Amino acid sequence: MSEHNYSHTEIEREVQKHWADNGSFEVTENSDKPKFYCLSMFPYPSGQLHMGHVRTYTLGDVIGRFQRLKGRNVLQPMGWDAFGLPAENAAIKRNIPPAKWTYQNIAHMRTQMKALGFAFDWSREFETCDPDYYKWEQWFFTRLFRKGLVYKKAAFVNWDPVDQTVLANEQVIDGRGWRSDALVERRELAQWFVKITDYAEELLEDLDKLGGWPDKIKTMQRNWIGRSEGVEIKFQLDGAEAVSVYTTRPDTLMGVTYLAVAPQHPLAISAAGNKPELQAFLDDCNQTKVAEADMAKQEKLGLPTGQNAIHPITGEPVPVWVANFVLMEYGSGAVMSVPGHDQRDWEFAKKYGLPIKQVIEPAESNQAECNLDLEAFTERGVLVNSGKYDGLQFDQAFEAIAAALVQKKCGERQTNYRLRDWGVSRQRYWGCPIPIINCDKCGSVPVPDEDLPVELPTDVQFEGVGSPIKKMNDWYETSCPDCGSAAIRETDTFDTFMESSWYYARFASHNDSEAMLDQRAKYWTSVDHYVGGEEHAILHLLYARFFHKLMRDEGLVESDEPFEKLLALGMVLQGGTKMSKSAGDAGDPQHLMDRFGADAVRMAMMFAAPPEQSFEWSENGVESANKWLRTRLWNTIVDHLAGGELPTLDVASLSSEQKDLRRSVHETLAKCEDDFGRRLAFNTVVAAVMSLMNQVTKFEDSSGQGRAVVHEALTVAVLIMSPITPHICHTLWQMLGHGDIEIADWLPVDQSALEKSVVELAVQVNGKLRGKVELSPDAEQDEAVSVARLQENVEKYLIDKTIRKTIYVPNKILNFVVS
RNA sequence: GCCCGGGUGGUGAAAUUGGUAGACACGCAAGACUUAAAAUCUUGUUUCCGUUAGGAAGUGCCGGUUCGACCCCGGCCCCGGGCACCA
């Protein structure tokens, strides 16, 4: 009989067929049960699953299956983040159209996911490269256009002068194009932006509502948004123009000894007109990649523009420099430099011999010393060398100087954000076409609703130089929807973060051909539990939060936030870094699934580490997981069932050994419920069940009640393991006589089984462990002390000593503090 | 460089509210079964001293708070994630 030997191949195939035949995981909105939307971040279809996917989707599946056991109407959908760069790379390398490559990958990865037994509602599956999906993204963009939430402006890109193409940051290696090896240039292109900064304040404030998010993610988002209070100050130039700088330290204004502007600042460009040396410097600065990390790592360099600005308070001339570390994208692209009180300015001033002036001194004796020969003094303190402002503290100085600037009409108080508007244009082929028509007379005109979707042609020749649709006259030549004259479509496509910013909502209304979202989206959103890698802590999660608010303001959803609770997973590392598309085929779980089964792969992954922790993947655990399932779980149950007739459990008649086992059963049940639901510690769930099964194995009691207690233990063990190893548990649950586990309920803890007659108390002397005693759980301190002192090894540390203090924590510790 | 995390036996880790550090596994060693091997089972396994009883040290490093610190505070080192066009 197949029931005597564990065959993962047979069981997993049969159980998966059962789920498919019964539509076990297809859900509707018509349920008495409270809804639970459990979502794992959908994958980019890179080719095959890697261990990072296995981890994410197993964790999501464990949460979803546990919530089903807890009586929730659980939606767990899956789809494909199907647009993106790797499809274009593959197209170049293998001469296969991106669409074909993408759909092949999806087919393979879907098969792998099904083999892993995830409880997805596959009826809702979609891929973002499907016009039925991106049509609504285009439709929504035209709504934003009409609301004035999108605009076009020039922005810098990485330009490969040989391949004549725009490169992603990851395609620029040591300043050179990855394929051409040419030095990359910054180039300015007109691009579409969405006004996320209009929502900066709400995105910041609403972080406080996200009680189910880890603090570290909220902190990262807070810092990314980077709200600050400061002053925008206008420095008049020698000529008529002025240059604006933003500072959060107006108290240091009297210490300004120069201004620094970004290499792309208009002032720098005009100054370079008659200065070849400066022009050469600007050209150099434009040969770095458009990534902040690269800018920050560069040697800090600068040149004077030759112009002076007028200090708004003192009226003294202040030289204006160009510096490669000033970001054009942040603030006004210019800063006032106070080398006495800003470390970066200090280093720059030292390097170029610019004056350093102290205007702040330490206010309190416990502050660091101020020695401007060694470093800048950057703490807040008391003003000096600042004329009438001398002696003021930071707050007073901020107010006084800001007020003076406002009064002189050369400054304004300003709240600033580090967050920049979201640039959504990509000069790529494999993406969602931007639904705009450019007309010489009417300007940018959104594509009318009835003409949507603007379909991306998929039958293309892909050469790798530029985007195919930029060469397809038939496609981009059109007429203006407003005036009817000849016009040209946008040939740029959207950033793929657009698609991933609203897919969670579309899973609810996946098949609505009349609207982007419908009532079902209002039922299912917000997502109750969102699961995905911590690498998405900022960009994806911030864009999705933003999009949700945009959709709310369009009346499409009702909540303020898309994701109630967030599980931010640590990375599955491989050779010390994250597994990724660019790392190739590494980490494919297929051979492990074939040899040891999906249950063993899932169990090994859950057991390896707690979810939020990064860890180096090792295959070793899979074989032992398979072994445990086979020997400890399956064989134990088969042996137990071979014992024949089973009496009903009579709790009142149990021996103390039987009670001990039963206590462990209910302790394990309670612990695992907490681990699953609150702590999300699935590694310790596995450990707890292993521990319980070790006890069951050692429990040799073939009496009727002995077997009844074991039966309860095995039932509980299978129930607890079922979210993690669903196939084997489906079969074992039936063998134990309980029916279909997909519709089972979690079991209640029998509180009376948890009662203990004795507890162990650790006895310390001066904090060092000297013995252990057994006591009744409600023992008073006097009793604990007298029992503890009966122990020779405790008493010998107390004799001839004065007990200064006795600390008693019932059921835990007794500590004698002696002199 | 900036922002956010992490560091515990040979290895993955546990310790949930400041209260017995190393649960549960892997690996390794010894043993049982076997003609043998595999499989399976049993025992041991932080380091050092000690026959045992027991003792000392120990959670990246240095310092602090506390009766008591893997846990809280300050400084440092190393590793990982993110830095706006990888997703």
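In what follows, every chain begins at residue 1, and chains take the letters A, B, ... in the order their sequences are listed. Here the structure is a predicted model, which means the values were calculated and not measured. Computation of the quantities below employed the complete heavy-atom set of this structure, encompassing side-chain atoms and omitting hydrogens, waters and symmetry-equivalent molecules.
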* To do: Report yes if a side-chain nitrogen or oxygen of A:Arg426 is closer than 4.0 Å to either non-bridging phosphate oxygen (OP1 or OP2) of B:C85; otherwise report no.
  => yes

* To do: Would you mind classifying the nucleic acid contact of A:Phe494 as base, sugar-phosphate or nothing, using non-hydrogen atoms under 4.0 angstrom?
  => nothing

* Does A:Arg679 place a side-chain N or O at less than 4.0 Å from the phosphate oxygens OP1/OP2 of B:A15? -> yes

* Nearest-Å distance once atom C1' is located in both B:U8 and B:G22 -> 8 Å

* Counting any heavy atom closer than 4.0 Å, what does A:Trp422 reach on the DNA or RNA strands: base, sugar-phosphate only, or nothing? -> nothing

* Asked: Closer than 4.0 Å, any side-chain N/O of A:Tyr797 to the OP1 or OP2 of B:G55?
  -> yes

* Do A:Glu88 side-chain atoms and A:Trp430 backbone N/O form a donor-acceptor pair below 3.5 Å? -> yes

* On a whole-Å scale, what distance lies between the C1' atoms belonging to B:A15 and B:A69? -> 13 Å

* Indicate whether OP1 or OP2 belonging to B:A14 is found under 4.0 Å from a side-chain N or O atom of A:Asn683. => yes

* Asked: What does A:Pro43 touch in the nucleic acid at a heavy-atom separation under 4.0 angstrom: a base, only the sugar-phosphate, or nothing?
  -> nothing

* Modelled atom types, side-chain donor and acceptor of A:Tyr133 and A:Trp502, under 3.5 Å -> yes

* Starting at CG of A:Asn89, measure out to CZ of A:Arg179 and round the result to the nearest 0.5 Å. => 8.0 Å

* Measure distances between side-chain N and O atoms of A:Lys812 and base N and O atoms of B:U20, and say whether any donor-acceptor pair falls under 3.5 Å. => no

* Asked: Within less than 4.0 Å of OP1 or OP2 of B:A56, is there a side-chain N or O belonging to A:Arg770?
  -> yes

* To do: Determine the Euclidean distance between corresponding C1' atoms of B:U47 and B:U59; express it in Å to zero decimal places.
  => 14 Å

* Whether A:Tyr503 and A:Phe42 hold their rings parallel, tilted or perpendicular, with breakpoints at 30° and 60° -> parallel

* Asked: Counting side-chain heavy atoms from CB outward, which of B:C3, B:A84, B:A13 is closest to A:Ala609?
  -> B:A13

* Are A:Phe83 and A:Tyr134 close enough that their ring centers fall under 6.0 Å? -> yes

* To do: Compare side-chain N and O positions of A:Lys805 against OP1 and OP2 of B:C67 and report whether any pair is under 4.0 Å apart.
  => yes

* Could you work out the separation of B:A37 and B:G31 based on their P atoms and round it to a whole Å? => 12 Å

* To do: Could you check A:Arg418 against A:Asn793 and say which one's nearest nucleotide on RNA chain B is further toward the 5' end?
  => A:Asn793

* To do: Under 4.0 Å between any heavy atoms, over every strand shown, what does A:Ala681 touch: base, sugar-phosphate, or nothing? Just pick one.
  => nothing

* **Gap in Å between the two C1' atoms, one belonging to B:G80 and one to B:A29, rounded** => 35 Å

* Under 4.0 Å between any heavy atoms, over every strand shown, what does A:Glu329 touch: base, sugar-phosphate, or nothing? Just pick one. => nothing

* **Residue A:Glu292, side-chain atoms from C-beta onward, closest of B:G19, B:C85, B:G1** => B:G1

* Asked: For atom C1', what is the distance between B:U42 and B:C33, given to the nearest Å?
  -> 11 Å

* To do: With heavy atoms under 4.0 Å as the rule, sort A:Ser425 into base, sugar-phosphate or nothing.
  => base

* **Side-chain N or O of A:Ser614 closer than 4.0 Å to phosphate OP1/OP2 of B:G80** => no

* Sugar-phosphate only, base, or nothing, as touched by A:Ala293 at under 4.0 Å among non-hydrogen atoms -> base

* Quick one: does A:Gln427 reach the base of B:C85 with a side-chain donor-acceptor pair under 3.5 Å? -> yes

* Asked: Looking across every strand, which nucleic acid part, if any, lies under 4.0 Å from A:Gln191 by heavy atom: base, sugar-phosphate, or nothing?
  -> base

* Structure fact -> Its glycosidic angle compared against 90° from 0, B:G12 adopts the form anti

* **5′-ward residue of the pair A:Tyr543/A:Leu769 relative to RNA chain B** => A:Leu769

* Just call it for A:Leu419: base, sugar-phosphate, or nothing, with non-hydrogen atoms closer than 4.0 Å on any strand. => base

* Select base, sugar-phosphate, or nothing to describe what A:Lys627 touches, counting heavy atoms under 4.0 Å on all strands. => sugar-phosphate

* side-chain N/O A:Arg428 vs B:C86 OP1/OP2, d < 4.0 Å -> no

* Asked: Heavy atoms under 4.0 Å, any strand shown: does A:Phe325 hit a base, just sugar-phosphate, or nothing?
  -> nothing

* Asked: Could you walk me through whether A:Phe348 and A:Phe325 pass the ring pair (Phe, Tyr, Trp, His ring centres under 6.0 Å) check?
  -> CA-CA 10 Å; A:Phe348 193 81; A:Phe325 56 83; 5.4 Å; yes

* Under 4.0 Å between any heavy atoms, over every strand shown, what does A:Phe816 touch: base, sugar-phosphate, or nothing? Just pick one. => nothing

* Asked: If the C1' atom of B:U65 is compared with that of B:G74, how far apart are they to the nearest Å?
  -> 11 Å

* Asked: Can a donor-acceptor pair under 3.5 Å be found between the side-chain atoms of A:Asn815 and the base atoms of B:C67?
  -> yes

* Check whether any side-chain nitrogen or oxygen of A:Gln613 sits under 4.0 Å from OP1 or OP2 of B:A13, and answer yes or no. => yes

* **Contact under 4.0 Å: A:Asn694 side-chain N or O vs B:A23 OP1/OP2** => no

* To do: Quick one: pull up CD in A:Glu137 and CD in A:Glu499 and give me the separation to the nearest 0.5 Å.
  => 4.0 Å

* Asked: How far, in whole Å, is B:G60 from B:G6 if one measures between their P atoms?
  -> 12 Å

* Once you round to the nearest 0.5 Å, how far does CZ of A:Phe615 lie from CZ of A:Arg55? -> 4.5 Å

* To do: Mind checking A:Arg678 for me? I need base, sugar-phosphate or nothing, with any heavy atom below 4.0 Å counting as a touch.
  => base

* Using only side-chain N and O atoms of A:Lys768, determine if any of them is under 4.0 Å from OP1 or OP2 of B:A57. => yes

* Asked: Partner of B:U51 by Watson-Crick or G-U wobble geometry, both contacts under 3.5 Å, or none?
  -> none

* Could a donor-acceptor pair under 3.5 angstrom be found where the side chain of A:Glu760 meets the base of B:U20? -> yes

* From A:Leu567 atom CG to A:Leu39 atom CG, the distance as rounded to the nearest 0.5 Å -> 12.0 Å

* **Touch class at under 4.0 angstrom, heavy-atom based, for A:Val686 against every strand present** => nothing

